[in-house]
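Down below is the structure, laid out as structure tokens.
In what follows, residues are counted from 1 in the order of the sequence shown.
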Amino acid sequence: MTDRTYSAAHWGIYEVERGDRTDQPVLRPLRSDPDPTRIGLDQLAPEVAGLRIARPAVRRGWLEGRNRTGRGDEPFVEVGWDEALDLVAGEIARVRADHGNAAIFAGSYGWASAGRFHHAQSQLHRFYNTIGGYVRSVDSYSLGAGRVLMPHIAADMDTSNASHTSWPVLAEHCTLFVSFGGVPLKNAQVSSSGAGRHRVRDGLHSLARAGVRIVNIGPVGDNFEAGEAVEWVPLRPNTDTAMMLALAHAVLHHPRFDRGFIDSHTVGFDRFVPYLTGQSDGVAKTAEWAEPITGVPAQVTRDLAAAMLANRTMLNVSWALQRAAHGEQPFWALVTLAAMLGQIGLPGGGYGLGYGAMNLMGSAHVKIPGPVFPQGRNPVVDFIPCARMADMLLHPGEPFRYNGGHYRYPDIRLVHWAGGNPFHHHQDLNRLRRAWARPETIVVQEQYWNAAARHADIVLPATIVLERNDIGFATREGYYIAMKQAVPVQGEARDDHAILAGLAERLGTAQAFAEGRGEMDWLRHIYTTNRAAVAAQGIDLPEFDAFWQQGLIDLSSHDEPFDMHAAFRADPQANPLRTPSGKLELFSERIAGFALDDCPGHAVWREPFEWLGAPQARHHPLHLISDQPARRLHSQLDPSPWSRAGKVQGREGVHLNPADAAARGIGEGDVVELFNDRGRCLAGAVLNPAIMPGVARLSTGAWYDPDGDLDRHGNPNVLTLDRGASALSQGCSAHTCLIEARRWEGDVPPVRAFDPPILG
């Protein structure tokens, strides 16, 4: 006999089974999931549990003299909860009194918990909103450029992500699927707040079975798993926009081109054409013009443009393309090219912005609102684009542009972080360490002794998902999950809500923060509120007690096929887009009015800050791709046996073309030093012919393990560029990065990433 309950994480739903002979539960993937991921099964593994933070801890130098110089290096002193909360509350009160709430940065970032109540950032933001606010961050590292651009020209990214044409419609109607940057299954293992049934593998194979022609354009050939059907067109990194413009030029001059859709559903085409044809700058964006930039033969481009016009064509672009210099441009160019093909809104045609980026895209599940923990209103107006965190800390008071506005970086004295790992997400980690030394106090709520905790002054141990009760729900993933506590709390960890309630009590805002509710009271409240909102859409959910006993609500009976922009295509007047014109904006008067040198009013080709055609490529001739890992989500569960089993000599593997490796005397499994002017890291060599020459791929998420400017564990963000994609978005530009590689000679330093700090 087993007693089964459920839990959820971003990578899937789990059945938690407890046998008769042990108190340790066993995690199994949801049995109805056709393609479950292995990630997450090791959440309770000893290798992971051994890195838990057991008690509140304070960095010795800060405790003894409030010094800022020892972050990341000094021992910690364990203290009791009362002392820890008194210290944190005292620092919050001091900074508010001396500098105001605009000196507190609580724009904490990361995927945090999949549960809708115990979501660390939501809890943190509500807490600070009850005491006068905080400096926040906006957008995301994954989609910074896309999130700013797309509302101007088509639809905001949340709407777009949840509105992609569903996989069965593609299999039935699409005849040509072209993806810039692939459709990587490893990325599609997750959805924000929890994947339900993993659908992308079957979706891709359904295209192949239906005889759809599949073309994968990019520097990597192993990121589109649909069998022998996939054609790989190698393309130099950061040059996708140039190829898209060349395709658009070929379409414009093809006899099949019909601008009927352009005239009825778009604005600004005639402002774009002079640039495309060279009338405005003397450079026609032909296939021959693009060939030396992209490395793609001109005839391949012309033939593909003709095929796009002759087929029901879906164009897709990966999120990776906009995590780069001028990252807005590939998204804008793709929408422009799709509009010129005239198939947007037709079944199986149009465009996608991230098939494969998450499990969400291509879902046929019903779109309904989910349970939400209310955060309140933030009285502080200061903010930063999230990828500009180091700029904020290093350059208080300096101006920056964002989405047409003029702003200044606030002067931050206190950082309070929960539910994320900045030493995973941020670029140029050696620069971040210098910036991280600037605030007077850094407080981190965290479960594990990762780099974020080790670079804090005060560390407050938080519970993991399996140690608390919560509600799981994710947009268009088809389930509500009663996430019942499965194991006792380890050590002295507390829920983020309990931690912040303790601070609120000390600051006199306990009622405003918690409203007198405990954990189960809040779950009942947010579920019941959501149940009423869902009922307004004609879907009846059981009452809370019945849901909690049932454990799982399956909404798949409400599934229906979906075509992105179908209603807009059928009647653009009755179903306008939320753009200034109500149509697709191939030229944006609003963006043009911002008068930005690096982002004009239509899609353009701009040379990246660093690229293989630039002079600096002589010294750093490899373009680094820092993609998502296959065995974890970002840095989550990197200590797990599953993640460690994928490493090479205990380090993240760097994929190199065999010719590049041979030219450097690098063999399979060698420890390799990757370097540029920003830093160095060690990785294990993986020789891979699916990586085009001149390119290296090192996935993100290896826990940061610094030794001076060297990372010993394979974290690519010691190498990546910390510069805004443009003055429009200030998005992350990590995929614009040149490096060199060499075989490591001599003794290899041991990896220390999973060694807890000294506790004094």
For the student: nearest non-hydrogen atoms of C681 and L719, plus distance: SG-CD1, 3.9 Å
Check whether D711 reaches the backbone of P716 with its side chain - one donor and one acceptor, N or O, closer than 3.5 Å. no
Is the charged tip of R401 near the ring of F594: under 6.0 Å from the six-membered ring centre and within 45° of its axis? no
Derivation of the side-chain contact (heavy atoms from CB on, under 4.5 Å) call for H326 and W332: CA-CA 11 Å; H326 313 295; W332 206 342; over 6 Å; no
pair F76-R55: side-chain heavy atoms closer than 4.5 Å: no
Please check if the side chain of S733 supplies one atom and the backbone of A325 the other of a donor-acceptor pair under 3.5 Å. no
For G146, does its backbone N or O pair with a side-chain atom of Q322 as donor and acceptor, under 3.5 Å? yes
Specify the closest pair of heavy atoms between A452 and G420, including all atoms of both residues, with the distance to one decimal. CB-O, 4.3 Å
So, applying side chain to side chain donor-acceptor pair (under 3.5 Å) with D457, which one of R68, R66, R71 is it? R71
Between R723 and F609, is there a donor-acceptor pair closer than 3.5 Å when you use the side chain of the first and the backbone of the second? no
State yes or no: are the ring centers of Y141 and H426 separated by less than 6.0 Å? yes
Under a 3.5 Å cutoff, is there a donor and acceptor pairing between the side chains of H152 and N403? yes
Note: L637 and S643 closest approach over all heavy atoms is O-CB, 3.5 Å
Do you know which two heavy atoms are closest between P756 and G50, and how far apart they sit? CG-O, 4.4 Å
Closer than 4.0 angstrom, basic N to acidic O: yes or no for R712 and D705? yes
Assess, by modelled atom type and distance only, whether the side chains of H424 and N717 contain a donor and an acceptor separated by less than 3.5 Å. no
Main chain of W449, side chain of R454: is a donor-acceptor contact present, judged purely on distance under 3.5 Å? no
Taking the side chain as every heavy atom from C-beta outward, state whether R431 and D391 have any atom pair closer than 4.5 Å. yes
Ring centroids only, cut at 6.0 angstrom: are H713 and F754 within range, meaning strictly under it? yes
Is a side-chain N or O of R678 found less than 3.5 angstrom from the main chain of N430, in a donor-acceptor match? no
Tell me whether W744 contacts the main-chain N or O of D747 through its side chain, where contact means a donor paired with an acceptor under 3.5 Å. yes
Exactly one of Q123, Q121, Q445 should register a side chain to side chain donor-acceptor pair (under 3.5 Å) with D496. Which one does? Q445
Single hit among V415, L414, V459 for side-chain contact (heavy atoms from CB on, under 4.5 Å) with V443: L414
Determine whether L503 and T509 make a side-chain contact, defined as any pair of heavy atoms from C-beta on separated by less than 4.5 Å. no
Between F127 and Y134, is the ring centroid distance below 6.0 Å? no
May I ask you to decide whether D411 forms a salt bridge with R438, counting only side-chain N to carboxylate O separations under 4.0 Å? no
Side chain proximity check, D382 to Y407, heavy atoms < 4.5 angstrom: no
For a salt bridge (charged side-chain N to carboxylate O under 4.0 Å, His left out) check, start with the C-alpha distance between D598 and R606, then their side-chain angles and the critical distance, and finish with the verdict. CA-CA 8 Å; D598 56 2; R606 291 282 191 268; over 6 Å; no
Basic-acidic side-chain contact under 4.0 Å: R147, D158: yes
Between I384 and S137, is there a side-chain heavy-atom distance shorter than 4.5 Å? yes
Is a salt bridge present between E673 and R680, judged by a nitrogen-to-oxygen distance below 4.0 Å? yes
Under 6.0 Å from the ring centre and within 45 degrees of the ring axis: does the NZ or CZ of R388 meet both conditions for the six-membered ring of Y409? no
Could you label the plane-to-plane angle of the H455 and F423 rings as parallel, tilted or perpendicular, counting under 30° as parallel and over 60° as perpendicular? parallel
Pair D139-Y402, side-chain donor/acceptor within less than 3.5 Å: yes
Please assess R59 against E74 for the test salt bridge (charged side-chain N to carboxylate O under 4.0 Å, His left out), listing each intermediate value before the final yes or no. CA-CA 7 Å; R59 185 172 57 83; E74 287 186 345; 2.8 Å; yes
Begin from the C-alpha positions of I131 and F513 and carry the test side-chain contact (heavy atoms from CB on, under 4.5 Å) through to its verdict. CA-CA 9 Å; I131 63 169; F513 174 69; over 6 Å; no
Tell me whether R408 contacts the main-chain N or O of G397 through its side chain, where contact means a donor paired with an acceptor under 3.5 Å. yes
Salt bridge or not between E652 and R632? Use side-chain N to carboxylate O under 4.0 Å. yes
Can you see whether H623 engages E610 through a side-chain donor-acceptor pair at a distance of less than 3.5 angstrom? no
Assess whether salt bridge (charged side-chain N to carboxylate O under 4.0 Å, His left out) is satisfied between R433 and D709, documenting all intermediate values. CA-CA 10 Å; R433 288 188 82 189; D709 72 339; over 6 Å; no
Any donor-acceptor pair under 3.5 Å from W522 side chain to A514 backbone: yes
Side chain of W703, backbone of A451: donor and acceptor closer than 3.5 Å? no
R52/E467 salt bridge by N-O under 4.0 Å criterion: yes
So, do M157 and P151 sit near enough that their side-chain heavy atoms are less than 4.5 Å apart? no
Could you check whether any side-chain heavy atom of F373 comes within less than 4.5 Å of a side-chain heavy atom of H119, counting everything from C-beta outward? no
Counting the benzene-type ring for Trp, do H395 and F400 have ring centres under 6.0 Å apart? no
Pair V190-W111, side-chain contact (heavy atoms from CB on, under 4.5 Å): steps then yes or no: CA-CA 11 Å; V190 306; W111 280 54; 3.9 Å; yes
The single option from Q447, R468, H118 passing side chain to side chain donor-acceptor pair (under 3.5 Å) against T463: R468
Salt-bridge contact K186-D627 (side-chain N to carboxylate O under 4.0 Å): yes
